[in-house]
S.K.: 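Below you will find the structure I want to go over with you.
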Amino acid sequence: MELRKNKNEPDGISLLGFGLMRLPLAAEGGQAVDRAKAREMVDYAVDHGINYFDTAWMYHDGDSERFAGEALSAHDRGKFFLASKMPLAFLKEPGDVERIFNEQLKKCKVEYFDFYLLHNIDREHFRIAESCNVYDQLKEKQKQGLIRHLGFSFHDRPDLLARVTSSYDWDFAQIQLNYLDWEQQNSKEQYEILYQKGIPVTVMEPVRGGALAKLPETALAIFKAADPHAGAASWALRFAASLPGVQTVLSGMTTLEQMKENISTMENFTALNDGEYQVIKEALVAYKSSGAVPCTACRYCMDCPSGVDIPRILAVYNNYLLNKSENHPMAGFLFDMEYKLPGPDKQAARCVDCGRCESLCPQHLKIPSYMKEIDSLYEERKSAPGPHSDFLKKE
Ligand code: SF4
Ligand code: SF4
């Protein structure tokens, strides 16, 4: 595994980091982590040179930090870096910072965090951070040796990033960066702000919640023609890892197979050359033509008070759009089946347009509009004559 050496860690951080937000689940529909499968992944990661593990208060409804503590305490504390985050969205008063931080140390079974972040800074969360005096409180923890490196994760526009980085001193910053968001979500501008200020970058969502690993055939064919042996995810990881100043690229892996593939990319890492950047540009044009919703499956929008399973519905819709763009003969039927599966209580029709999810979505997706669109699609298909319409009417 390639190690990135910088002012934070002169001995090096593994180029691939393990994001503990999409771990295998104990049961469909829940958020509890499947201990046996996830433990196998952590052990495999450590054995294969991954030394950066990234959890957060909110991941898996709190179970990610608990799991991280259980799994990593079996390993030598000096051999891994653990990152967690202060959930700004949950702070009501300054005293919450101390309470949450202490609980995180306990859950993670550690005496200090190697990397600690103010989680998900956007305009509203930055206001909360300032009103609760979060930076100064965490800086004090750093002086006490409870935090080694202090940073933040970010989901907003570059002008706010410039303000945040000018207002305080940071050891690192975590931004969403991948070849789709490079221009679409201003990743390029964000990266340049950090690079110019000499702030090491931790990359999140390099594969955009898995979307860049599961491409339409047209985009995949472009990658395969350029390199028949490289998977789609490896192009996305290499795009992020090729940038100077990147200290690690986090991947929220769910299966051991994904981990093996990603480790193989980073073990034999080579930066992209000009011809390969051109290949990515061409594949991107093909990807965009599918019209997929840019949801990363982060689940920050959950829980919906009406019970809508937002990330799942968007994933089902994206599958449908991908299949349709490839003229898959079963595109509609597969949509019907997948959409119906969790039951009517979780479907888009339950959306009452309260707007809660939209205000929480770091991608600023117009979720209620998508729910309307997807519900209409489902209703249209239900009333359409055809072999599956009877089946659909039975619910
Ligand atoms: S807008 Fe709809 S989907 Fe979003 S939280 Fe409200 S009810 Fe749920
Ligand atoms: S809709 Fe937004 S908040 Fe919800 S899972 Fe997708 S990207 Fe995350």
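Whatever order the structure lists ligands and atoms in, that order sets their numbers, starting from 1. Position 1 is the first residue of the sequence, and the numbers go up from there.
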S.K.: Tell me, which protein residue and heavy-atom name are nearest atom 6 (Fe) of ligand 2, and how many Å apart are they?
M.R.: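 Ranked first by proximity to atom 6 (Fe) of ligand 2 is C295 SG, 2.4 Å.
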
S.K.: Backbone, side chain, both or neither: what part of C354 comes under 4.0 angstrom of ligand 1, heavy atoms only?
M.R.: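 The answer is both, backbone and side chain.
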
S.K.: List ligand 2 atoms under 4.0 Å from Q363, heavy atoms only on the residue side.
M.R.: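 Under 4.0 Å from Q363, ligand 2 has these atoms: 7 (S).
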
S.K.: Judged by atom type as modelled, is there a donor-acceptor pair below 3.5 Å linking the side chain of K107 to the main-chain atoms of G62?
M.R.: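 Yes, K107 side chain to G62 backbone: donor-acceptor pair under 3.5 Å.
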
S.K.: Could you list the atoms of ligand 2 found under 4.0 angstrom from a heavy atom of I367?
M.R.: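 It comes down to these atoms of ligand 2: 1 (S).
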
S.K.: With heavy atoms only and a cut-off of under 4.0 Å, state how P294 meets ligand 2: side chain, backbone, both or neither.
M.R.: neither

S.K.: What atoms in ligand 1 come closer than 4.0 Å to a heavy atom of G355?
M.R.: 1 (S), 6 (Fe)

S.K.: Quick one: does any side-chain atom of R350 pair with a main-chain N or O of D309 as donor and acceptor, under 3.5 Å?
M.R.: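 Pair absent, no side-chain N/O of R350 close to backbone of D309.
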
S.K.: Which atoms form the tightest heavy-atom contact between I121 and L88, and what is the distance?
M.R.: CG1-CD1, 3.9 Å

S.K.: Give the ring-plane orientation class for W235 versus F223, where under 30° counts as parallel, over 60° as perpendicular and anything between as tilted.
M.R.: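 Plane angle under 30°, so parallel.
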
S.K.: Could you tell me whether M302 approaches ligand 2 through its side chain, its backbone, both or neither, with non-hydrogen atoms closer than 4.0 Å?
M.R.: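 Under 4.0 Å from ligand 2, M302 contributes no heavy atoms.
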
S.K.: Identify the closest protein heavy atom to atom 8 (Fe) of ligand 2: which residue and atom is it, and at what distance?
M.R.: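 Ranking protein heavy atoms by distance from atom 8 (Fe) of ligand 2, first comes C298 SG, 2.3 Å.
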
S.K.: Check L314 against ligand 2 and report side chain, backbone, both or neither, counting heavy atoms closer than 4.0 Å.
M.R.: side chain

S.K.: Is atom CD of Q144 surrounded by more than 12 heavy atoms (other residues, nucleotides or ligands) closer than 6.0 Å?
M.R.: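 Enclosed: over 12 neighbouring heavy atoms sit under 6.0 Å from CD of Q144.
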
S.K.: Might you work through the salt bridge (charged side-chain N to carboxylate O under 4.0 Å, His left out) test for K372 and D375, ending with a clear yes or no?
M.R.: CA-CA 5 Å; K372 274 197 197 92; D375 181 46; over 6 Å; no

S.K.: Which ligand 1 atoms does P368 reach within 4.0 Å, using its non-hydrogen atoms?
M.R.: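 Selected atoms, number and element: 1 (S).
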
S.K.: Tell me: protein heavy atom nearest atom 7 (S) of ligand 1, and distance?
M.R.: V352 N, 3.4 Å

S.K.: Tell me whether K188 is salt-bridged to E192, with the criterion being a basic N under 4.0 Å from an acidic carboxylate O.
M.R.: yes

S.K.: Give the numbers and elements of all ligand 2 atoms closer than 4.0 Å to a heavy atom of P362.
M.R.: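 Once the distances to P362 are compared, the set is 3 (S).
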
S.K.: Which atoms of ligand 1 sit under 4.0 Å from any heavy atom of C357?
M.R.: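 Here the atoms of ligand 1 in question are 1 (S), 3 (S), 4 (Fe), 5 (S).
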
S.K.: Any non-hydrogen atom of L360 lying under 4.0 Å from ligand 2?
M.R.: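 It does not; every heavy atom stays at 4.0 Å or beyond.
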
S.K.: For atom 5 (S) of ligand 2, what's the nearest protein heavy-atom neighbour? Residue, atom name and distance, please.
M.R.: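 The answer is R299 N, 3.2 Å.
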
S.K.: Could you tell me, atom by atom, which parts of ligand 1 come under 4.0 Å of a heavy atom of P305?
M.R.: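 Close to P305: 5 (S).
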
S.K.: Could you tell me whether E257 and K37 have a side-chain N and a carboxylate O separated by less than 4.0 Å?
M.R.: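 No, E257 and K37 are not salt-bridged.
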
S.K.: Ligand 1 versus S306, non-hydrogen atoms closer than 4.0 Å: side chain, backbone, both, neither?
M.R.: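 Only the side chain of S306 comes within reach of ligand 1.
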
S.K.: Give me the nearest non-hydrogen protein atom to atom 2 (Fe) of ligand 1 as residue plus atom name, then the distance to 0.1 Å.
M.R.: C351 SG, 2.4 Å

S.K.: Can you tell whether the side chains of R238 and E276 come within less than 4.0 Å, N to carboxylate O?
M.R.: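 Answer for the salt bridge query: yes.
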
S.K.: Is the shortest side-chain N to carboxylate O distance from K197 to D169 below 4.0 Å?
M.R.: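 Looking at D169 together with K197, the answer is no, because their closest N to O distance does not fall below 4.0 Å.
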
S.K.: Could you tell me the residue and atom name of the protein heavy atom closest to atom 4 (Fe) of ligand 2, and the distance to it rounded to 0.1 Å?
M.R.: C301 SG, 2.3 Å

S.K.: With H119, which of Y300, W57, F90, F152 fulfils ring-ring contact (aromatic ring centres under 6.0 Å, His included)?
M.R.: Y300

S.K.: Look at the aromatic rings of Y320 and F335 and report parallel, tilted or perpendicular, splitting at 30° and 60°.
M.R.: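 Tilted.
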
